[in-house]
Amino acid sequence: MGRSRQSWQLAVFMGAILLPSAALVIVSQRTMQQNRELALKHRLDEQRAAKERVAHEMLAHLEGLRGAVVQNPDAPAVPEIALVARIEGGRLLLPGDSETTERAFREATNHPPEFREAIQRGERAEFERGGAAAAVEQYTEALRLAVSPLQSAYARYQLVGALAKDGRAAAAVVQARQLLEAPMELVDPDGVPLAVRAAGLNELLANAQDRARVRQVLASALDHGPWYSSLAVYAPRVADQLNQIAPAENTAWDARIRQRLETINRRQEQAQALQNDPGLQAARPAAWALRSGAEPWLISTHAPGGRPQLLIAVRAADVFRRFEAAAQAHFFPSTEPGGELLADTFPGVKVLFSSLPADPSSNTAFTERIYYLAVLLLVGATAFGTSMLWRSLRREVELAEMRSQFVASVSHELKTPLTAIRMFAETLQMGRSQDRAVQNEYLDTITNECDRLARLVDNVLLFSKLEQGRMVYRFRPIEIADILHTTLRTLAYPLAKHSFTLHTEIDDQLPSVNADADALEQAVLNLVTNAMKYSGGQKEIGLRLYRQNGDAAIQVTDHGVGIAPGDLPRIFDKYYRAPTPENRNIPGTGLGLTLVAEIARAHGGRVDVKSSPGEGSTFTLRLPFRSET
Ligand code: ADP
C-alpha cells in the first residue's frame, strides 16, 4: 500500500471520527446553552409571576386601608397606618403643628362669652402679683359657666394651676384627680389632652395611688392619642417628674413609655422629612412609594379630581411582615443591592425571593459537567473503537495483499519447474542427445523438478488444510533420525546441484517421538530449503539432531543473508516474506515457516530462530520425546 494513500485513508478515518465528534460537541454545547437560557427564562417567568402575585395582594391590602381612611380621615383605627395628613397647596399639613388645633380650641371656648371672659379675667389675675386667689375665683366661676366638657376641663385645668399657686395643695389635688378622668379627646390649644396636663401637678404625684393612676393615664394617652401632638413633648416631662419623686417605682412602665416615645420621635422625624419632600406632589395616587428613613413608610395620596388632598402613610415594616412569610420573600428599599423592583405600583420597593434558587446556573452547571463528561467518554470510546477498527482493517488489507502476492508467487513457482520439465522432456523426446549420461542427467532434473513441484503443492495443500481446520495428523512413534535421513535423500540432488555442503551431526540414539512422519519431514524440508534459498552464496549448511533437556532438537544453520530484527517476530506469520531487495529475486510463498511453526505446535513442541543480518540464521525445532507408557 502506498504511503500517501495510507495517510490519506488515515485522514479520512480520523475525519470520520473527528467530524461527528466535533458536531456532537457543538450540538451539545448549543443544547446546554439553550437549556441554560430556558432555565433562566423559566426562573424569570416564575419570579415575575410570584412578584405579580405578591404585588397584587399587597396592593389589595393597602387599597383596603386607603378606603377606610378616605371614609373617615380623622380616626384611622389601624395601627399599620402611621399618618393621615392633609395636603394644602402642595404642602403637607401635619396635624397638631398647625394652627388647626388652636383654631378648633378657640372656636370651642369662645361661646358663651361669659365663660370666655371669666377665663380671661382669671388669666389676667394669675399673672398679677399675688393674684392667685382672685384667679381661683374667676376659674371657679368659669367652671360654673362651662357649657361643654371641653370648657369644664379647661376651666378645671386653669383652676388646678391657680390653686397650686395660691398654696392650696389639697384643693388642687382634688381638682387634678377629677381632671385626670377627663376623656382624651379634650385637648388644650397645643393638642395635649387636659387629663395629661393634670398629671403634671407635683402635689398630685406625691401620692402613690395618684401616681399609679397618672401612669395609666399617660400610657393610654400615648397609646391612643395622636402622636404628632405636643403630647410627645409633654409626656416625657411628666415621666421625668415621676422618676424624680419616686425613682425606680415602676421601671417596666418607664421602659415602655420611653420606647413608645422613641417610636413617636421616629415618626415625627419621618413626618418632618416628608413635609420637606419635594417629591410629595409627584406621588402618584394609585401607587405606594417607599420612603426610607427613621421609620420607613409606604405613602400614597388620595387625590379626588387629580389634586392630592390627603396623604396616607403606612408602616412599611408591618405591611412587609404581613406578606413576607407567605410569599417566601424579603422586601427592602431599592437603594440596597440585590433583588428586583417589585412593581410599578410600589416605587422604591425591591423584593428577593428565598424560595427560588439564587443562581439558576449552579444547578445546570452540574448537569452540564455530566453532559460534557458523557460526550468526552463517547468521543473517547469512538476514537478507541475506530483506532482498533483501523488497525484490524489494515491487517486485513495487508493480509489480502499478501494473499494476492502469494497467488502470484505460487503461479511463478509452479511455472518455473514446469518449464524446465517441459524443456528437458522435449529434448529427450526429440532424441537430440544420444549420450546416455546426458539423458540420465536430464531425467534426474525432470525428477528433481517434479519433487520440487510436489513439495510446493504439498506445502500449499497442507496450508489449505490447516486454514480450513481439516488437518489430520497421524501420530505414531518414530525415530527422528530416520526422518532426517529420508529428508537428506530427498535433498541430496538439489544440494549437490547447487554445490552446497551439508554438515550433519545426527544423534541416532535418541528416544522416539510421537509424530506424523510426513508433516515432520515437510517441516525439516522447509527449514533446509530456506537455508539454501537464503544462503546468499555461503554454501555451508548445518543439520544437527541432539537431545536438549527433555526434547529432541533439530537445528538447521546457514551463513546466509540473515533476518533483520524487525522481521523476526513476523516471519512465522502466514504469507509473510521479509521485504528485502534480495528476497524479491528469491521465489517463495511465505508459507514455509508458518507450516513449520504450526507442525511444531501440533507436536507439542516449538520452533526458535536466532539470526543476524549478513551472518546467517539458526532455526531450532524442538519436539518432546514420547512419554514412556
Ligand atoms: P518463503 O517462501 O518466503 O521462504 P517462509 O515462510 O519459509 O517463506 O519464510 C518467510 C520469510 O522468512 C522468508 O521470506 C525470508 O525472508 C525469511 N527466512 C526464512 N528462512 C530464512 C533463512 N534461513 N535465512 C534468512 N531469511 C529467512
Side-chain angles (χ1 to χ4, degrees), residues 398-399 401-417 451-467 471 487 490-491 494-495 498 500-504 519-544 553-602 606-621:
E398 246 175 53
L399 212 64
E401 278 181 4
M402 288 200 289
R403 202 174 289 143
S404 74
Q405 179 70 40
F406 161 77
V407 172
S409 306
V410 169
S411 321
H412 180 73
E413 279 219 51
L414 283 175
K415 215 168 166 183
T416 318
D451 286 349
R452 226 177 90 185
L453 264 180
R455 277 202 302 279
L456 178 69
V457 172
D458 281 349
N459 262 345
V460 174
L461 280 180
L462 200 63
F463 175 73
S464 127
K465 277 187 193 164
L466 279 177
E467 280 283 89
M471 180 66 193
T487 316
T490 313
L491 290 176
L495 280 168
H498 296 102
F500 278 96
T501 315
L502 189 70
H503 301 279
T504 54
L520 206 54
E521 197 183 319
Q522 186 83 21
V524 179
L525 265 174
N526 285 354
L527 288 179
V528 179
T529 318
N530 276 357
M532 290 165 68
K533 284 199 311 193
Y534 304 105
S535 67
Q538 301 298 317
K539 303 288 184 179
E540 311 275 319
I541 294 175
L543 175 66
R544 278 180 72 202
I554 305 164
Q555 194 175 67
V556 179
T557 310
D558 66 64
H559 305 283
V561 294
I563 303 160
D567 287 327
L568 272 181
R570 299 197 62 186
I571 54 173
F572 295 99
D573 291 352
K574 57 183 174 185
Y575 310 125
Y576 188 80
R577 307 200 68 217
T580 56
E582 304 96 298
N583 264 12
R584 224 161 278 152
N585 301 320
I586 301 170
T589 57
L591 289 186
L593 288 181
T594 312
L595 289 174
V596 174
E598 181 49 42
I599 290 165
R601 199 193 54 74
R606 63 179 201 278
V607 60
D608 292 329
V609 58
K610 280 201 176 69
S611 181
S612 41
E615 287 178 22
S617 319
T618 300
F619 286 85
T620 312
L621 176 61

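Indexing begins at 1, ligand by ligand and atom by atom, following the structure's order.
- Between the CZ atom of R577 and the CD1 atom of I586 there is a distance of 7.0 Å, given to the nearest 0.5 Å.
- The backbone N or O of P494 lies less than 3.5 Å from a partner atom in the side chain of H498, making a donor-acceptor pair.
- The closest heavy-atom contact to atom 8 (O) of ligand 1, among the options G588, S611, G560, G590, comes from G590.
- Considering backbone and side-chain N/O atoms, P587 never comes within less than 3.5 Å of an N/O atom of ligand 1.
- In terms of modelled atom types and a separation under 3.5 Å, the side chain of T487 and the main chain of V524 share no donor-acceptor contact.
- Among the atoms of I563, none of the N or O lies under 3.5 angstrom from an N or O of ligand 1.
- Note: L595 CG to T589 OG1 = 8.0 Å, rounded to the nearest 0.5 Å.
- The two residues I554 and L543 make their nearest non-hydrogen contact at CG2-CD1, 4.1 Å.
- Those atoms of ligand 1 that come under 4.0 Å of a heavy atom in Y576, given as number and element, are 10 (C), 11 (C).
- In this structure, CD1 on I599 lies 8.5 Å from CG on L621, to the nearest 0.5 angstrom.
- The nearest heavy-atom contact from the protein to atom 23 (N) of ligand 1 is D558 OD2, 2.9 Å.
- Residue-ligand proximity, L591 to ligand 1, at heavy-atom distances under 4.0 Å covers atoms 6 (O), 8 (O).
- For S617, the heavy-atom gap to ligand 1 drops under 4.0 angstrom.
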Given the rule in the side-chain contact (heavy atoms from CB on, under 4.5 Å) test, do F619 and V596 qualify, once you have shown the distances and angles that lead to the verdict?
CA-CA 10 Å; F619 286 85; V596 174; over 6 Å; no
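- Closest to atom 20 (N) of ligand 1 among all protein heavy atoms lies N530 ND2, 3.3 Å.
- Considering backbone and side-chain N/O of Y534, one or more are found under 3.5 Å from N/O of ligand 1.
- D558 places a side-chain N or O within 3.5 Å of a backbone atom of S617 that can act as its donor or acceptor partner.
- Under a 4.0 Å criterion applied to the non-hydrogen atoms of A578, ligand 1 contributes the atoms 14 (O), 16 (O).
- Interface atoms of ligand 1 facing N583, defined by a heavy-atom separation under 4.0 Å, are 14 (O), 15 (C), 16 (O).
- Using a 4.0 Å cut-off between a side-chain N of Lys or Arg and a carboxylate O of Asp or Glu, R606 and D608 qualify as a salt bridge.
- Looking only at heavy atoms of the protein, atom 6 (O) of ligand 1 is closest to L593 N, 2.8 Å.
- Remark: distances from the non-hydrogen atoms of T589 to ligand 1 include one below 4.0 Å.
- Short contacts between ligand 1 and K533, defined as distances under 4.0 Å to a heavy atom of the residue, involve ligand atoms 1 (P), 2 (O), 4 (O).
- Classified by interplanar angle (parallel below 30°, tilted 30° to 60°, perpendicular above 60°), the ring pair Y575/F463 is perpendicular.
- Of the polar atoms of V561, none of the N or O atoms is found under 3.5 Å from an N or O of ligand 1, judged by distance alone.
- Looking only at protein heavy atoms, the nearest one to atom 3 (O) of ligand 1 is R577 NE, 2.5 Å.
- Heavy atoms of F619 approach ligand 1 to within less than 4.0 angstrom.
- Considering backbone and side-chain atoms together, G592 places an N or O closer than 3.5 Å to an N or O of ligand 1.
- A side-chain donor-acceptor contact under 3.5 Å links N459 and Q522.
- Atom NZ of K574 sits about 8.5 Å away from atom OG1 of T594, to the nearest 0.5 Å.
- Close approach of ligand 1 to I571 is summarised as follows: ligand atoms under 4.0 Å from at least one heavy atom of the residue are 10 (C), 12 (O).
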